[in-house]
Each structure stands twice: as structure tokens, then as C-alpha cells.
**Q** 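Here's a structure for you.
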Amino acid sequence: MTEPFLRLAGITKAYPGVMALNQVSLQVSAGEVIGLVGENGAGKSTLMKILGGVVAPSSGAIHIDGRQAEALSVADALAAGIAFVHQELNLFENLDAAANAFIGREPLYGGILKLVDRKKLHDLTRPYLDALGVDFEPDTLVSEMSLAQRQLLEIAKALSLNSRLVIMDEPTSSLTLAETNRLMRVIADLKAKSVSIIFISHRLNEMSECADRVIALRDGKLVGELAKNEISHATMIRMMIGRDLKALYLPPAEPPGAVVLDVAGAQTQAHPGHTISLSLRRGEILGLAGLIGAGRTELARALFGIDRLVAGSVKLDGATVRLDTPRDAIERGIFLVPEDRKRCGLLLDESICENILLPNLPHTSAGGLVQRSKSLHNAAHQTKRLGIRAPDVQTHAGSLSGGNQQKVVLAKWLTMNPRVLICDEPTRGVDVGAKSEIYRMLRDLADAGVSILMISSDMEEVIGVSDRIAVMHEGAISGFLERPEFSEQKILRLAVGDTS
């Protein structure tokens, strides 16, 4: 490995009452891939914001090519060749992919009145999109993109800066195995060109694949480092949480019962002509796998009444039901934990209490008026039941970590005794400790008789949590796998339409 071009020495960041970082030292060499792990709140994002010039450290020094600075500005970071792929997507929905990729760096033409050269802009953007194997064009509006497509655009934007160091904060959180594999190849290409990567992910198997070494933060301190030959799932978890995580995935207490939800010949608006038939049994966790664009989220939206099915039927406990609106689904005990909790699952500016109780106001109301004391009591009960970490139930949902936000989304439905719970990417952007808690919640719900349809792009999660797996390809079910048949290879074969 070459000499480090970047050194952080004794970086400390203190906020009132909180020590976010405490004497963290780190060095990065050219062409090195560093995996950065830690639970939410460990200090990863604060450290990266300091590197990106967004936040100034309270003390410590930053050395770039031997030159020392106490802090960087955003302009300093960009000038030093540091690019950031943010976990929180930073895109303008009213602009297209190319305009977002080169925002502030658009090619211009003309005399006094400078105009954007749209053709050149698209030509500049296309190679970066091609490198990631995306399925959208430079002129595609961001408002028309899925969450995964937006994530890939963020990565393309960072690549377009031709940087020396690319910080990737949860870049695969909404990507399937195929897109993730493509990104791993891009990382290898960047490494070969002496571009360094700091890779942050809660998908620990990705660290084993791409990192040259892994460092762990816990409570703002650097608590360990692993060389390439020491990286493993178990050792990373031990560094992150200070103990072994013995039971990340729990087996069912009892075999599944009778069929609760039966979908026959269903066609979604996104894939007319392609039919979906599946059954979900009482107390079963049915994993739904597939590539981006396979139609998994569209099926979830249709079963929750957001979109209407083009054809087919849905039966609940043997009786045909119409799910024309979310209210139809809610009244029948079918609930959805959406893929994007911040945009579709929470009111970020409202409290935990309001978020939990909003869907079930009649339960805490009398004579059309909300009973405040009953609302607070119910919210406090769910907060304790799910282990939501917050000062109190009046805390705004937007201030919570990803794992705690996801628990709030789950809590609002648990107050209403679900029969069928549809979870779309239930642990996206959630640390390993919170993942374990969410897996336990899902298993406890299934053991209590709730039927769960779990959509996930995390192959390890699908295999570890599911009792049975259905795989989708181009709007149709391409196959089912029972537990003894589970393997990444079989799931991926079905996901690309190979049913042999």
C-alpha cells in the first residue's frame, strides 16, 4: 500500500451534552478501500461530515498530502478530491439525471448570455450511468425514479467528480444483489485507478467482499481495526457492539397454519399481462425477493390499496375482498411498512406519539375528541414494547435514528392488531443491533399468528428471516423455495427468469 495521502489525528467533536467523536485517528492510502462499521449513533456520519467539510471538529487535525488543517470547508474537501455519496439522497426532483449529476458544473455555450449545453451535459453523464448499469437515461426526471435508481444516480454524481477519495454512506441500502455486484465492480475499478474508498454499510457481507481493512466506531471512539484476512461477519459484529450476536435469525416456534391471504392471477399496473399467484399462511414470514423493477413494491402497493390491480383476485381467510383504497386494507387488518419510511411512513415533524396513533384515532377518541392521556399512555406502551430509544414520546420522529424510526412505523400498525403485515425493505439503513431487534419483532408477530410478507433486497436477510421465499421476475412469480432449498444462487437464478 502507498503512503497515506490523508490522515486524521485525534479528531474530537463535542456537542452540548454529547461527545460525538473522541480522539479518532485514521489514515487513508491511495487505492485503499476502508470499511467503516458501527451502530447508529457511533459517530460514523459525524466523522464523514468532518471529512466532507460539512462539520468542523472541536479539536484534532486533518493532514492532506502532508499539509495540515484544523478543519475543512466543503470547497476545501472538493478541491482535495473528496466526494460524498450521502445516505440521505441529495437530489432535485424537478431536474433530470444529467442536471443533478453536474449541478453547478454544467457545460455552457453562448456569449454574454450563457446557456446550458444540454447535449454535452447528457454526453458527459452517460459514461457514469453506463458504468453502473442503470436502467434510466440522462434525461429521466428524478421525480420519475425509484429509490434504487436515485441511489445509483447519487453514486454516478460522485464518480463524475473524478475524486481521489469517495465516501460511500450506505450506497447499497436500496440496491438488489445484481446492482450491488455491479457497484462492487465499480469499486474495484476505482481502486485500480488509485481512488480510495471509505465504505459504510450495515450489510456486513459487503465489507468482506470489498474492504482492504475494516475499522469500527463505538460511542464515538475507534474501538478496533481488522486486516483483510481478519474480516468476518462475527468479528465485525463483536467490534461494533462489544459482544457476539448469537441469535440474529430466529426459527419459527410453530409450523405455519392455514392460508390467510390468497392472491390469484393478479396483474399490477406496472406489469399488465404478467400474473402473480401466491398464498400467505397464518404465522408465516414469506420472503419476496427479486431484482429492482421486478414488481415487488408494486404488488405491495396493490395489496395495501394504493394502486388497483388490473386483473386477478385477493382472498382473505377464504373470502374475496376488494382493496381499492388503503382504508379498505386497513379495515381488514392488512398493513404496509413502506420502502421509504421518511417519505411514505412517517410524519417527520410530528412526535412519536402522533405518528403511532394517527392511523387509529377512533381508539383514543371520545365524542370526536382525542383523549390526550390515553394517547400518551398507548404511545408509551408501544415505545417500551418495541424498545424505541428516545427521551419521551413527544420527541419528533425526524430526530430519531433509522432503526428507531422503523420501529415507530411498526408501532403504529401494532396498535391495530394486524392480520397481514407487508414489510418493504424493513431494515434499510438500519444498524446490526436494530436489525436484530426488528427480526425478533417480526418473528414474535409471526409466532403470535400474524402473516408477514417481507420484501428485501438483502439476500442474507431473505434467507435468514424467511420461512419460505417467493421470487419475482418482470411482474410475475418465477418460483418458490422452501427452507431446505434456500441459497443465493437459486434465488438469483429465479430473479433473472431462469426457472430450469
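Worth knowing before you read on, the calculation uses all heavy atoms, side chains too, and leaves out hydrogens, waters and symmetry mates.
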**Q** Name all residues meeting the salt bridge (charged side-chain N to carboxylate O under 4.0 Å, His left out) criterion together with R389; count only those two or more places apart in sequence or in a different chain, and write none if there are none.
**A**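 Residues passing salt bridge (charged side-chain N to carboxylate O under 4.0 Å, His left out) with R389: E437.
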**Q** What class does the angle between the rings of W413 and F304 fall in, given that below 30° is parallel, 30 to 60° is tilted and above 60° is perpendicular?
**A**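 Rings of W413 and F304: perpendicular, over 60°.
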**Q** Run the side-chain donor-acceptor check on residues 251-274: report pairs under 3.5 Å with partners two or more places apart or on a different chain.
**A**
unit_1 : atom_1 : unit_2 : atom_2 : d
Q267   : OE1    : G273   : N      : 2.7
T268   : OG1    : H271   : N      : 3.4
Q269   : NE2    : R308   : O      : 3.1
H271   : NE2    : G293   : O      : 3.2
H274   : ND1    : E474   : O      : 3.1

**Q** Test your reading of the model: is there a side-chain donor-acceptor pair from H473 to the backbone of A495, 3.5 Å cut-off?
**A** yes
**Q** Show me the donor-acceptor pairs, under 3.5 Å and distance only, between side chains in residues 135-142 and residues at least two apart or in other chains.
**A**
unit_1 : atom_1 : unit_2 : atom_2 : d
D135   : OD1    : Q149   : NE2    : 2.8
E137   : OE1    : R126   : NH1    : 2.9
E137   : OE1    : R126   : NH2    : 3.1
T140   : OG1    : E137   : N      : 3.0
T140   : OG1    : E137   : O      : 3.1

**Q** So, Q406 side chain and P426 main chain: donor-acceptor pair closer than 3.5 Å or not?
**A** yes
**Q** Taking salt bridge (charged side-chain N to carboxylate O under 4.0 Å, His left out) as the definition, give me every residue that meets it alongside R493, ordered by chain and number, with sequence neighbours left out.
**A**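 For R493 the salt bridge (charged side-chain N to carboxylate O under 4.0 Å, His left out) partners, ignoring immediate neighbours, are D498.
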**Q** Looking only at heavy atoms, what is the nearest atom pair of A411 and Q382, with distance?
**A** CB-CB, 4.1 Å
**Q** List the residues meeting salt bridge (charged side-chain N to carboxylate O under 4.0 Å, His left out) with K412, not counting sequence neighbours, and say none if there are none.
**A** none
**Q** Which pair of non-hydrogen atoms, one from I452 and one from A446, has the smallest distance, and what is that distance?
**A**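 For I452 versus A446, the nearest heavy atoms are CD1-N, 4.1 Å.
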**Q** Please name all residues satisfying side-chain contact (heavy atoms from CB on, under 4.5 Å) with T297, sequence neighbours left out, ordered by chain then number.
**A** R301, E339, D424
**Q** So which atom in L494 and which in S478 form the shortest heavy-atom distance, rounded to 0.1 Å?
**A** O-OG, 2.8 Å
**Q** Would you give the length of the straight line joining atom CG of L132 to atom CG of L153, rounded to the nearest 0.5 angstrom?
**A**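 The CG atom of L153 is 9.5 Å from CG of L132, to the nearest 0.5 Å.
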**Q** Quick one: do the E284 and S451 side chains pair a donor with an acceptor below 3.5 Å?
**A**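 No, because no side-chain N or O of E284 sits under 3.5 Å from a partner of the opposite role on S451.
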**Q** Taking NZ, NE, NH1 and NH2 as the nitrogens, is one of them in D219 or K221 under 4.0 Å from a carboxylate oxygen of the other?
**A**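 So D219 does not pair with K221 through a salt bridge.
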**Q** Between the main-chain N or O of I200 and the side-chain N or O of D169, is there a donor-acceptor pair closer than 3.5 Å?
**A**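 Side chain of D169 to backbone of I200, a donor-acceptor pair under 3.5 Å: no, none is there.
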